[in-house]
Amino acid sequence: MLEISDLVKTYPNGLRALHGVNLAVDSPVVVAVIGSSGAGKSTLIRCINRLVPPTSGKVVLNGTDITALGRAGLRKARRRMGMIFQEYNLVERLTVMENVLSGRLGYVGFWRAYRRQFSPEDVAAAFELLDRVGLSGREDARADALSGGQRQRVGIARALMQRPELLLVDEPTASLDPKTARQIMRLIVELAHERGTPALVNIHDVALAQGFADRIVGLSDGRKVFDGTPAELTPDALTEIYGEEDWSSTIRRTEDDEEEAPPSARHDGAQAIAPETAAG
Amino acid sequence: MTVDQHKSRYPEVWRRFGPRETLIRYAWYLGIVFIAAASLSTLDITWVYLLDAHVQAYDLLERMVPPDWSYFDVVVGAMIETVHIATLGTVATLLIAFPVAFLAARNTTFNWFTWAVGRFILVASRSINTVVWALIFVAIFGPGPVAGIWAIAARSIGFMGKLTAEAIEEIDEGTVEAIEATGASRLQVLWIGILPQVLPVIYGTTVYRWDINIRESTVLGFVGAGGIGILLYSSINQFIWQQVSVMLIAIFGVVVVSELVSAMVRKKIT
Amino acid sequence: MSEASTGHPTVWRPPKLVENPVLRYGLLAGALAYLAWSLGTLEIDWARVSVGLPRAQNMFERMIPPDFSRWELLVRGVTESVLIAFAASFAGMILAVPLGLAAAVNLAPRPVYLFARLLVILSRTFHEIIWAIFFVKIVGFGALAGVLTLVVASTSFISKMLAEDVENMNAGQAEAVRATGASFPKLLIYGVVPQILPRYLGVSIYRLDANIRHSTVVGIVGAGGIGQVLAASFSRYDYDFSLAILLVIIGLVFLGEIFSNWIRKRLR
């Protein structure tokens with residue numbers, strides 16, 4: 001399904017975010033990508049749909065070599081990959097429905113897009129998705145009137161609206177409170193399984209990754225250092241990914257989050273994992 | 001999940017706007033286009049002149065090169081005068097705009113009459129263009145930079161006064177109350193309680209207005225109020241285009257530099 | 001000041017603008033020196049200036065009462081100014097869209113961006129009157145030169161604002177639209193336009209208001225409108241008619257401002 005080989009990304013400022021990553025996903029499973037901030041998680045995901053152009057290496061999705069595509073080909077390929085963002089990235093001033101339908105933008109002409117004339121199938125599918133993510137009846141609300149969790153649900157609906165062959169999910173829960181984070185993570189995993197869509201999920205919350213993913217990939221300093229099932233993610237493996245001192249506090253603090261700590265408490269303890277801010 | 005199920009359970013049509021909203025929207029579009037078109041057709045315009053405009057423009061440009069650099073010495077003196085007019089005009093504005101702003105701010109004015117007077121001064125100052133003010137002051141003081149300085153000041157009072165008055169209306173009343181509670185006189189309240197709070201706004205707008213005034217003072221000479229405009233106007237009227245281009249280059253340089261300085265200072269202040 | 005105020009005032013003052021005292025007094029001294037220098041170098045005919053006050057008095061006496069008897073001329077001039085403003089605002093609003101997008105560093109390719117910026121800077125640097133005088137040379141006296149002048153001024157103003165808004169927009173929203181495989185035009189209408197539309201309309205309306213103000217003056221160099229009538233009345237010393245014109249301009253600008261504020265409030 002998805003095959004990444006020798007993927008390298010060097011930013012213009014000389015920062016090497018990826019040092020030759022190899023990764024194959026050949027069944028519709030949810031793959032969690034973990035690693036400390038700056039490990040290259042965001043860069044990896046953005047190199048797949050080339051929002052960040054990779055320096056070298058190959059990304060093949062169901063037989064299409066994405067790295068070799070021209071502009072038009074790349075747009076066609078992007079239609080086949082749905083993306084979900086940490087900051088939701090909804091177009092704030094548009095309605096929920098327009099945001100969901102924008103998942104079909106690759107398939108309609110300019111004037112139809114401008115006049116918001118999407119096909120009846122698309123409209124029905126959008127209503128169905130909104131129902132599925134728990135937002136039926138909110139289609140005419142403006143995106144900036146929603147709460148964080150609701151916005152992420154719209155983001156999920158928009159990505160699935162593309163009927164993607166692959167879901168790229170970038171820190172879907174990092175801006176949410178722990179309870180909502182679990183709900184959103186569950187929703188993403190359920191939908192991916194329901195529709196048989198493989199998903200690549202960047203996540204810095206190890207407990208969430210272990211709880212929901214079928215497979216876990218650990219990145220450290222732009223290299224893949226772990227690839228296995230959640231059960232195989234032993235303390236030793238975590239040491240490999242995060243370094244000796246960091247991982248233990250990570251686990252403990254993540255559990256604390258689940259029990260009692262307010263979301264802001266994440267940011268002030270020992271600097272185990274800083275919240276991931278920018279790509280790379 | 002078959003297509004049939006979609007059809008039975010979920011609507012297939014969704015409209016961003018209802019028919020009435022759509023109608024209103026298109027009415028707005030049409031109205032705007034209509035007004036613009038009506039304006040153009042009502043104006044007494046000889047469109048034929050537009051046909052060879054590009055030829056004329058090109059001809060003009062051609063006559064402007066190469067710039068006559070021997071004229072540059074004259075231009076430097078005139079540009080310095082231009083900057084002086086802008087700067088002195090801005091300084092004069094500072095002295096006048098401040099009291100007017102206090103009259104025009106609801107919380108510092110004396111009564112409704114003084115408020116109305118303050119507001120009228122601000123509106124009148126802002127409505128009349130600097131060049132029109134220059135016409136008036138040239139009639140009073142005769143041609144020369146003095147008329148220009150007063151023209152700059154007369155127009156800037158409205159600008160600075162309005163922003164300052166708004167700043168005064170937004171000040172922290174608690175501070176003022178506390179000073180009034182010490183038994184301070186009205187003037188003292190003004191000096192100690194209000195002035196420090198609005199000073200940053202005054203600094204910022206002064207520098208900003210100075211930058212605008214440089215641009216304005218380049219044309220005051222067209223009506224005889226000093227600065228580079230006098231030379232520019234006479235060279236244009238005598239068709240000495242190679243001098244004109246030297247002056248345009250000088251104006252460009254000074255305006256760009258003043259804009260950079262103003263932006264830099266404002267960044268430092270705030 | 002009394003001793004009561006020497007005890008208290010420092011509490012209320014913000015920190016000094018320039019911390020270093022040497023620099024502070026240096027700046028002050030520099031400012032005074034500049035004042036002396038500039039006043040010294042300006043060629044001022046003090047004899048002429050000193051008769052200013054009596055002349056001003058004389059002028060005001062001749063101004064009052066304002067003379068509205070030639071109201072037809074007045075109405076025609078004002079109408080022409082307003083029409084110039086409307087036409088120029090509309091054209092500027094349209095032309096500013098491509099120029100503004102081209103002048104946004106995050107949207108346009110480098111050479112396009114630089115060229116667009118150069119255009120904006122060039123047209124903004126020169127005062128409207130300078131543009132007006134050139135357009136008068138090119139298309140002759142009259143309203144057309146006025147319209148063209150204000151088109152240049154409005155286009156550069158609106159496109160500068162537009163470019164700033166596009167540069168400050170939320171990049172994530174645009175990125176998400178790009179990730180759906182949308183082409184550049186569709187990215188514009190879904191990812192960019194919704195973010196900048198309200199401000200764009202607000203700026204355009206503001207510019208209409210500004211154009212009404214500027215249209216009263218381009219006539220001074222022959223580019224049509226009430227300015228032409230005003231300049232003529234001044235040169236003929238018809239000060240009572242001049243005052244009538246000025247009062248009408250003040251009223252017109254005032255109305256324009258109210259109209260513009262009303263519309264902009266409704267846009268939010």
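Naming: A, B, ... by sequence-line order, numbering from 1 per chain.
Proximity to chain B is absent for every atom of C/L252, based on heavy atoms less than 4.5 angstrom apart. Contacts of C/V82 with chain B are absent, with no heavy-atom separation under 4.5 Å from either backbone or side chain. In this structure, chain B has no heavy atom under 4.5 Å from any part of C/Y237. In this structure, no portion of C/F135 lies under 4.5 Å from any heavy atom of chain B. Contacts of C/I129 with chain B are made by both backbone and side-chain atoms, with heavy-atom separations under 4.5 Å. Heavy atoms closer than 4.5 Å to chain B are found in both the backbone and the side chain of C/I84. Heavy atoms closer than 4.5 Å to chain B are found nowhere in C/Q57, neither backbone nor side chain. Contact of C/L144 with chain B is made through backbone and side chain together, with heavy-atom distances under 4.5 Å.
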Q | Trace of the side-chain contact (heavy atoms from CB on, under 4.5 Å) decision for C/M59 with B/I136 | A | CA-CA 9 Å; C/M59 189 173 156; B/I136 297 172; 3.6 Å; yes

Q: With side-chain contact (heavy atoms from CB on, under 4.5 Å) as the test, would you mind laying out the steps for C/L122 and B/F252 before giving the verdict?
A: CA-CA 8 Å; C/L122 264 182; B/F252 183 78; 3.7 Å; yes

Q: Assess whether side-chain contact (heavy atoms from CB on, under 4.5 Å) is satisfied between B/F222 and C/H127, documenting all intermediate values.
A: CA-CA 12 Å; B/F222 288 14; C/H127 195 277; over 6 Å; no

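By the 4.5 Å heavy-atom criterion applied to side chains, B/V33 and C/F90 are counted as neighbours. In this structure, the side chains of C/F234 and B/V138 stay at 4.5 Å or more apart for every pair of heavy atoms.
Other residues, nucleotides and ligands contribute at most 12 non-hydrogen atoms within 6.0 Å of the CH2 atom of B/W150. Residue C/F60 qualifies as open at atom CZ: its count of foreign heavy atoms under 6.0 Å is 12 or below. Within 6.0 Å of atom CZ in B/F17, more than 12 heavy atoms from other residues, nucleotides or ligands are found, so the atom counts as buried in its surroundings.
Ranked by heavy-atom pairs shorter than 4.5 Å toward chain C, the options B/H84, B/Q56, B/E259 are led by B/H84. Most heavy-atom pairs under 4.5 Å with chain B: of the set C/L39, C/V217, C/N58, this distinction falls to C/V217. Note on B/A38, B/A139, B/A124: by heavy-atom pairs under 4.5 Å with chain C, the leading option is B/A139.
Not a single donor-acceptor pair under 3.5 Å links the side chain of C/R55 to the backbone N or O of B/G142.
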